[in-house]
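Below: one structure, written as structure tokens.
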Amino acid sequence: MAQKPSIPKGTRDFSPAEMVRRNYIFDTIKDVFQLYGFMPIETPAMENLDTLLGKYGEEGDKLLFKILNSGDFLAKADKSLLAAGDSNRVTGQISEKGLRYDLTVPFARFVVQHQNEITFPFKRFQIQPVWRADRPQKGRYREFFQCDVDVVGSDSLLNEVELIQIVDEVFRRLNIRVVIKLNNRKVLAGIAEIIGESDRMVDITVAIDKLEKIGLEKVNAELRERGLSAEAIEKLQPILALSGNNAEKLSALAGILASSEVGSKGVEELNKVLDLVNGLDLPTDVEVDLTLARGLNYYTGAIFEVKALDVEIGSITGGGRYDDLTGIFGMKGVSGVGISFGADRIFDVMNQMDLYPDDVTAATQLLFVNFGEKEAAHCLRLAAGLRQKGIRTEIYPDAAKMKKQMSYADKKGIRFVAMVGEDEMTKGLITLKNMQTGEQSAFGLDEVADVVGR
RNA sequence: GUGAUUGUAGCUCAGUUGGUUAGAGCGUCGGAUUGUGGUUCCGAAGGUCGCCGGUUCGAGACCGGUCUUUCACCCCA
């Protein structure tokens, strides 16, 4: 055999069996989105590089897939940069397009670009692949699907509440037990302010985000490493030690952050969202988690993260409010909030726990055996009639041996096989075999539709 | 980007301290059975041992590089 073909690192093929399962996930997510009045949009796989650069932090820029310019791109590049081997600056000259890194930034671009055609508040959903030049590992791929829902042009916290409802509904339908973690960037800003390190919010949040994973000791060590004063770290301790239920945490926090205007605002927002959510009696736990930070630095208010309770895989959904994402594209004062379902991680969770209902397969229901040219022509008409009645029907394309045709049906999980030879043709009948029970008898066309459709 | 790890038939894996012609199970194909699958029996096809180079009389095995798999860190869905 010649050298085997392959696909790029971190990408995957999906077989028919996998695709019906994935579509089941996409379909339930889409159904829920539409139930709340969100409308679909799509944007191109590639964006202009300047749309993407600088939106995801330094780390994010490195993970962007860049697309080489067409034509003789090197001819136009600066020779001295080429000679110097300065990759960073050379890429700016030979690449001006990149693959999208998420769906939120392209959406912000979309909103700005189409602002005159959009009615606000604008509720859209978008289910498309995104690409990151990351090293693949557990639950992490270089090509994966995000399912985003966002509302832009509304400051109301009702939107945050609706998003929580959507998360609850989606995972309830998929039968995945989850916890929704909730925090607010304003609270984090308030904490930074209180301990006297306002400008170090990112460093602080990145470090305390790891509390659950590496423990208090190591978080403090990392804070020191990141250059926080001993005094600030000392002041942070009571906050890191906060425990109890949501109400207890929030009232304690309200006291601590009383002197910080942003911080108090954040606590107030959290309280409001939780009050409304509590009134809904959702079965899913919503937990205030002060250590939840989330890396994307365009978030300004609420931040969400959803974790599966029964599988160790990182977060399967995340999002938050961003007050000025459209501002970078020249449209000020439009606030948005949204979340993103990580379809591929949800797929992994569903597979690991085998949570699919029995009827997701959407397989063919009936196969006509091919006995030869004349018989096949006859079956073609019968099959057309059955398809009109909604029966998923196929005809075996070749007059192969019975054994081969039967085992084809068997392997494809087709429940019924129809046999129409000379005898049945003259009598106007169809011999139907049930592949599960082995029973078989002859019926008219209408009866076949009834039996198979049951 | 850093540090590990994996690679032998379509799939899952054996293969002794380096020694003739690299094996098994499953799957595939053919036959037993020309209008009856899933069970059984018989038979066959299928491998440049990831790739390139090196050591050796001799490499699937040892060494170097490279690609790939998986995992951790960074970061993230």
Side-chain angles (χ1 to χ4, degrees), chain A residues 1-12 15 25 29 56-64 87-88 101-104 127-148 202 205-207 209-210 213-214 218 222 292-297 304-308 312-320 338-349 367-372 375 396 399-425 431-440 442:
Chain A
M1 190 193 333
Q3 203 155 24
K4 265 187 239 173
S6 63
I7 53 176
K9 191 197 283 222
T11 65
R12 295 156 299 162
S15 66
I25 295 171
I29 290 174
Y56 310 105
E58 210 177 308
E59 206 62 41
D61 284 356
K62 281 193 227 157
L63 298 180
L64 284 172
S87 309
N88 271 335
Y101 177 92
D102 73 355
L103 299 177
T104 309
I127 299 178
Q128 289 190 274
V130 303
W131 295 269
R132 296 185 188 177
D134 214 348
R135 266 217 203 165
Q137 55 179 279
K138 194 187 184 71
R140 179 177 288 192
Y141 307 98
R142 289 180 135 181
E143 176 183 63
F144 60 98
F145 272 78
Q146 292 193 328
C147 314
D148 271 37
V202 174
T205 53
V206 168
D209 187 42
K210 297 175 188 162
K213 200 168 174 183
I214 63 178
K218 287 187 178 162
E222 182 160 340
L292 170 61
R294 294 193 60 76
L296 295 176
N297 50 22
F304 313 97
E305 193 157 288
V306 179
K307 298 197 98 171
E312 189 57 51
I313 196 167
S315 71
I316 53 178
T317 292
I339 48 170
S340 178
F341 290 79
D344 295 83
R345 284 189 178 172
I346 294 172
F347 181 57
D348 288 347
V349 171
L367 173 78
F368 276 94
V369 171
N370 187 330
F371 286 116
E375 292 88 343
Y396 199 88
K401 288 191 176 128
M402 258 303 234
K403 181 187 166 92
K404 173 128 175 126
Q405 301 196 38
M406 294 299 280
S407 71
Y408 172 83
D410 185 47
K411 273 169 201 147
K412 244 185 124 172
I414 299 173
R415 179 106 41 122
F416 291 96
V417 169
M419 282 163 283
V420 183
E422 238 174 293
D423 193 33
E424 284 91 347
M425 275 173 73
T431 297
L432 199 61
K433 170 161 180 163
N434 182 325
M435 294 295 277
Q436 284 181 332
T437 62
E439 290 164 14
Q440 84 179 50

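In what follows, chains carry the letters A, B, and so on, assigned in the order in which the sequence lines appear, proteins first and then strands, with residues in each chain numbered from 1. No experiment lies behind these values; they were computed from the predicted model shown. The figures here come from the full heavy-atom set of this structure, side chains too, leaving out hydrogens, waters and symmetry mates.
Pair check for B/A72 finds B/U2; Watson-Crick or G-U wobble, both atom distances under 3.5 Å. Taking a pair to require two hydrogen-bonding distances under 3.5 Å in either a Watson-Crick or a G-U wobble arrangement, B/G38 remains unpaired. Remark: B/A24 base-pairs with B/U12; criterion is Watson-Crick or G-U wobble with both hydrogen-bond distances under 3.5 Å.
Computed from coordinates, the A/I346 CD1 to B/C76 P distance equals 19 Å when rounded to whole Å. Distance, A/R135 CZ to B/U69 P: 11 Å, rounded to whole Å. The interatomic distance linking A/E439 (CD) with B/G37 (C1') rounds to 16 Å, in whole Å. Atom-to-atom, CD1 of A/I29 to P of B/A77 comes out at 15 Å; the value is rounded to the nearest Å. Atom NZ of A/K403 and atom P of B/U34 are 11 Å apart (whole Å). The distance between atom CZ of A/R132 and atom P of B/C76, rounded to the nearest whole Å, is 9 Å. Rounded to a whole Å, the CZ atom of A/R345 is 8 Å from the P atom of B/A77. Computed from coordinates, the A/L367 CG to B/G38 P distance equals 15 Å when rounded to whole Å.
Both A/K411 and A/N434 lie close to RNA chain B; mapped to their nearest nucleotides by heavy-atom distance, the more 5′-ward contact belongs to A/K411.
Checking the phosphate oxygens (OP1, OP2) of B/G31, a side-chain nitrogen or oxygen of A/K401 falls inside 4.0 Å. Taking only side-chain nitrogens and oxygens, A/K433 never comes nearer than 4.0 Å to OP1 or OP2 of B/G35. Close to B/A72, at under 4.0 Å from its OP1 or OP2, lies a side-chain N or O of A/Q137. Residue A/K9 has a polar side-chain atom (N or O) positioned under 4.0 Å from OP1 or OP2 of B/U68. An OP1 or OP2 oxygen of B/C73 is reached within less than 4.0 angstrom by no side-chain nitrogen or oxygen of A/K210.
Counted by atom type alone, A/T104 and A/D148 present one or more donor-acceptor pairs between their side chains at under 3.5 Å.
Comparing B/A77, B/A72, B/G37 by their closest approach to the side chain of A/K138 singles out B/A72. With distances taken from any side-chain atom of A/E59 to the nucleotides B/U36, B/C74, B/G35, the minimum falls on B/C74.
Looking at heavy-atom distances under 4.0 Å, A/G10 makes contact with sugar-phosphate atoms alone, never a base. Nucleic acid contact class of A/S407 (heavy atoms, under 4.0 Å, all strands): sugar-phosphate only.
When ring centroids are compared, A/F368 and A/Y396 stay outside the 6.0 Å threshold.
At a cut-off of 3.5 angstrom, the base of B/U36 holds no donor-acceptor pair with the side chain of A/Q405. Judged by distance alone with a 3.5 Å cut-off, no donor-acceptor contact links the side chain of A/D410 to the base of B/G38. Between the base of B/G35 and the side chain of A/E422 there is no donor-acceptor pair shorter than 3.5 Å.
Note on A/K433 versus A/E439: no salt bridge recorded, every NZ/NE/NH1/NH2 to OD/OE distance being 4.0 Å or above. In summary, A/D134 and A/R140 engage in a salt bridge, as defined by a charged side-chain N under 4.0 Å from a carboxylate O. In this structure, A/R12 pairs ionically with A/D344, as a charged nitrogen and a carboxylate oxygen lie closer than 4.0 Å.
A gap of 32 Å separates the P atoms of B/U48 and B/A4, to the nearest Å. The gap from the C1' atom of B/G50 to that of B/U70 amounts to 16 Å, rounded to the nearest Å.
Here A/F144 counts as stacked on B/A77: its ring centre is under 5.5 angstrom from the base ring centre and the planes meet at under 30°.
The heavy-atom pair separating A/C147 from A/A343 by the smallest distance is SG-CB, 3.9 Å.
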